[in-house]
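As structure tokens, the structure follows; a few thoughts come after it.
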Number of protein chains: 2
Amino acid sequence: MSNQAIIQHLESFIPLKGTEKALLEERLVSRPIKRKEKILIAGEVCKHYTFVAQGCFRMFGVDDKGFEHNIQFTAENEWIADIGSFHSQNQSQLNIEALEAGLVLQIKQQDLYFLYNTIPKLNLIFKVLIELKYIELQNRVLQNFSSTAEQRYLGFLEQYPHLSNRLPNTQIASYLGITPEFLSKVRKNIQSNR
Amino acid sequence: MSNQAIIQHLESFIPLKGTEKALLEERLVSRPIKRKEKILIAGEVCKHYTFVAQGCFRMFGVDDKGFEHNIQFTAENEWIADIGSFHSQNQSQLNIEALEAGLVLQIKQQDLYFLYNTIPKLNLIFKVLIELKYIELQNRVLQNFSSTAEQRYLGFLEQYPHLSNRLPNTQIASYLGITPEFLSKVRKNIQSNR
DNA sequence: ATCTACCCTTAACCTAGCTTAAGAAATCAG
DNA sequence: CTGATTTCTTAAGCTAGGTTAAGGGTAGAT
């Protein structure tokens, strides 16, 4: 059962009692996802905190010219949500789309709030989870300001080897903030310099 | 007493009992800060979670060419720390420097961990705090990818009016990821187009 | 009040990365 | 297995923003 993955994930931070696990599992909804299916569309409210049991997702925004910009990839055993929209219940500006077919476990906002109340240590776990993501994002901002596209690409390959084999370069380019054409040039350059 | 500011700040999320406030206050260390004083230097471990009671700070990294990149400003009633280094107790790559003379209230790592244990709802408060910062940072990444320097500058003025009057343009330029010379050009352009 | 250290601006020239276009290769859905 | 859709690459020309250099203005420390 795929609920096992989420329990194991959470218990890697703090052990949970049997009753706590039961409460949690009651509120998980598992959902198979097709390739290219969107689990959040800009303009909608983000209703779920989503745990990826299988598959790979991207979260992206669309600018005034219609260009898409990936702000995050999420694969197995990680969470994805537009946290701003999830908490405020305002319209999201972001989209979350499956890059592969997969399976997710979702918790609705009210259910997660109930769980925070009933199992206080979940606050600690989710605080740690978001701190880790905050650190990651902060490093990314710094990298973006202080390195060239080539350095950022090499950094990406190093930091996310499990993703770099799995994603089309066009998606990586969008994450790095460059065009696919330029990434192609960068890759050629790296090739010829070794 | 400046402890009042921090209590008020925390209670804007959830009320605290008298005993809880006392526990907290016992572990706060207040510290006056001079202009240009650094409360974190790259290479050191980030030992404190710092609440700004008065003044304005910047957190920045330095790249291989020696250029500084501001990743965050923090003024009154906000927290600042290199969260990565604070939790891991590894060397920080970042600096935190006062842009003005001011006053901070600091909590040491062990003390904050003690407080998280003793007053569990602090986990909730600090989870919310970091979620808010995460959202802010995520928006910034998106803005950086999808707008020109001019749009980002105008956005900054709008989003942080209290900071934009208070900071030298050279610091704002560094935050926006452009050179002061180019910001000057941008400002001239804005001027002449209205 | 003065000296010093920043800070802001201008301008000429330079470059990393974008745009457009188009063909070849790979992958997906039926 | 096959057609349709995506993806990757190349190349020529372009532009947002960087670099260097230099002068004048402003604010902090004593």
Side-chain angles (χ1 to χ4, degrees), chain A residues 32-37 55-56 58 60 63-70 73 97-102 143-157 163-193, chain B residues 33-37 55-56 58 60 63-70 97-102 143-157 163-193:
Chain A
I33 305 287
K34 291 185 201 136
R35 197 176 111 89
K36 297 215 176 175
E37 184 173 344
C56 184
R58 69 182 179 122
F60 65 96
D63 68 25
D64 351 298
K65 295 185 203 138
F67 289 110
E68 299 179 351
H69 303 277
N70 290 341
F73 297 118
E97 186 189 77
L99 293 165
E100 308 169 358
Q143 286 313 105
N144 276 326
F145 283 158
S146 52
S147 14
T148 63
E150 176 169 329
Q151 291 171 315
R152 277 180 279 143
Y153 175 62
L154 292 171
F156 181 86
L157 296 186
L163 289 176
S164 55
N165 320 322
R166 197 169 171 181
L167 298 172
N169 285 327
T170 163
Q171 295 301 339
I172 296 176
S174 167
Y175 179 89
L176 297 175
I178 60 179
T179 58
E181 292 84 356
F182 190 63
L183 177 54
S184 193
K185 202 187 229 170
V186 164
R187 284 159 50 82
K188 191 183 174 186
N189 236 314
I190 292 170
Q191 214 61 10
S192 60
N193 289 348
Chain B
I33 305 288
K34 292 185 202 138
R35 197 175 111 88
K36 297 216 174 177
E37 185 173 342
C56 185
R58 69 180 179 124
F60 66 96
D63 69 24
D64 352 296
K65 294 185 204 139
F67 290 109
E68 298 178 354
H69 303 277
N70 289 342
E97 185 189 79
L99 293 164
E100 308 168 358
Q143 286 314 105
N144 277 327
F145 282 158
S146 54
S147 11
T148 62
E150 176 169 329
Q151 291 171 315
R152 278 180 277 144
Y153 175 63
L154 291 171
F156 181 86
L157 296 185
L163 289 176
S164 54
N165 320 321
R166 197 170 171 181
L167 298 172
N169 285 327
T170 162
Q171 295 300 338
I172 296 176
S174 166
Y175 179 88
L176 296 174
I178 60 179
T179 59
E181 290 85 355
F182 189 63
L183 177 54
S184 193
K185 206 186 229 173
V186 165
R187 283 158 53 80
K188 192 183 174 188
N189 236 314
I190 293 171
Q191 214 61 10
S192 59
N193 290 350

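Here is the naming used below: chain letters follow the sequence lines, and residue numbers restart at 1 for every chain.
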Worksheet, complete the sentence: Contacts of Asn169(A) meeting side-chain hydrogen bond (donor to acceptor under 3.5 Å, both in side chains) (sequence neighbours excluded), chain-then-number -> none
Discussion item. At a heavy-atom distance below 4.0 Å, which nucleotide of DNA chain D is the first touched by chain B, and which is the last?
Written reply: dG17(D) to dG28(D)
Worksheet entry | Protein-nucleotide distance (Lys188(B), atom NZ; dC8(C), atom C1'), rounded to Å | 13 Å
Worksheet item: Between atom CG of Asn70(B) and atom CD of Gln171(B), what is the distance when rounded to the nearest 0.5 Å?
Response: 5.0 Å
Worksheet entry | Counterpart residues, salt bridge (Lys or Arg N to Asp or Glu O under 4.0 Å), relative to Arg166(A) (two or more places apart) | Glu76(A), Glu100(A)
Worksheet item: Of all residues at least two apart in sequence or in a different chain, which pass the salt bridge (Lys or Arg N to Asp or Glu O under 4.0 Å) check with Glu97(B)?
Response: Arg58(B)
Discussion item. The criterion is side chain to side chain contact (heavy atoms under 4.5 Å, CB included); which residues satisfy it with Thr170(A), sequence neighbours excluded?
Written reply: Pro168(A), Pro180(A)
Discussion item. Whether the Glu150(B) and Asn189(B) side chains hold a donor-acceptor pair (N or O, under 3.5 Å, no angle test) is what I'd like checked.
Written reply: no
Item to complete: Not counting sequence neighbours, which residues clear side chain to side chain contact (heavy atoms under 4.5 Å, CB included) with Lys34(B)? List them please.
Response: Glu37(B)
All N/O pairs under 3.5 Å across the protein-nucleotides 16-20 of chain C interface:
from	atom 1	to	atom 2	distance (Å)
dG17(C)	OP1	Ala149(A)	N	3.2
dC18(C)	OP1	Gly177(A)	O	3.4
dC18(C)	OP2	Thr179(A)	N	3.3
dC18(C)	OP2	Thr179(A)	OG1	3.3

Item to complete: Under the ring pair (Phe, Tyr, Trp, His ring centres under 6.0 Å) rule, collect the residues that match up with Phe156(A), sequence neighbours excluded.
Response: Tyr160(A), Tyr175(A)
Practice prompt. Calculate, to the nearest 0.5 Å, the distance between atoms OH and CZ belonging to Tyr153(B) and Arg187(B) respectively.
Written response: 4.0 Å
Worksheet, complete the sentence: Applied to residues 169-186 of chain B, the salt bridge (charged side-chain N to carboxylate O under 4.0 Å, His left out) test, sequence neighbours excluded, yields none
Fill in: Pairing residues for Lys36(B) by the side chain to side chain contact (heavy atoms under 4.5 Å, CB included) criterion, not counting sequence neighbours
none
Practice prompt. Can you pull out how bent the helix from dA1(C)-dT30(D) to dG30(C)-dC1(D) is, comparing the axes over its first five and last five pairs, to 10°?
Written response: 80°
Could you run down the sub-3.5 Å N/O contacts of the protein with nucleotides 5-7 of chain C?
from	atom 1	to	atom 2	distance (Å)
dC6(C)	O5'	Lys36(B)	NZ	3.4

Worksheet item: Do Phe145(B) and Gln143(B) have side chains that get closer than 4.5 Å, going by heavy atoms?
Response: no
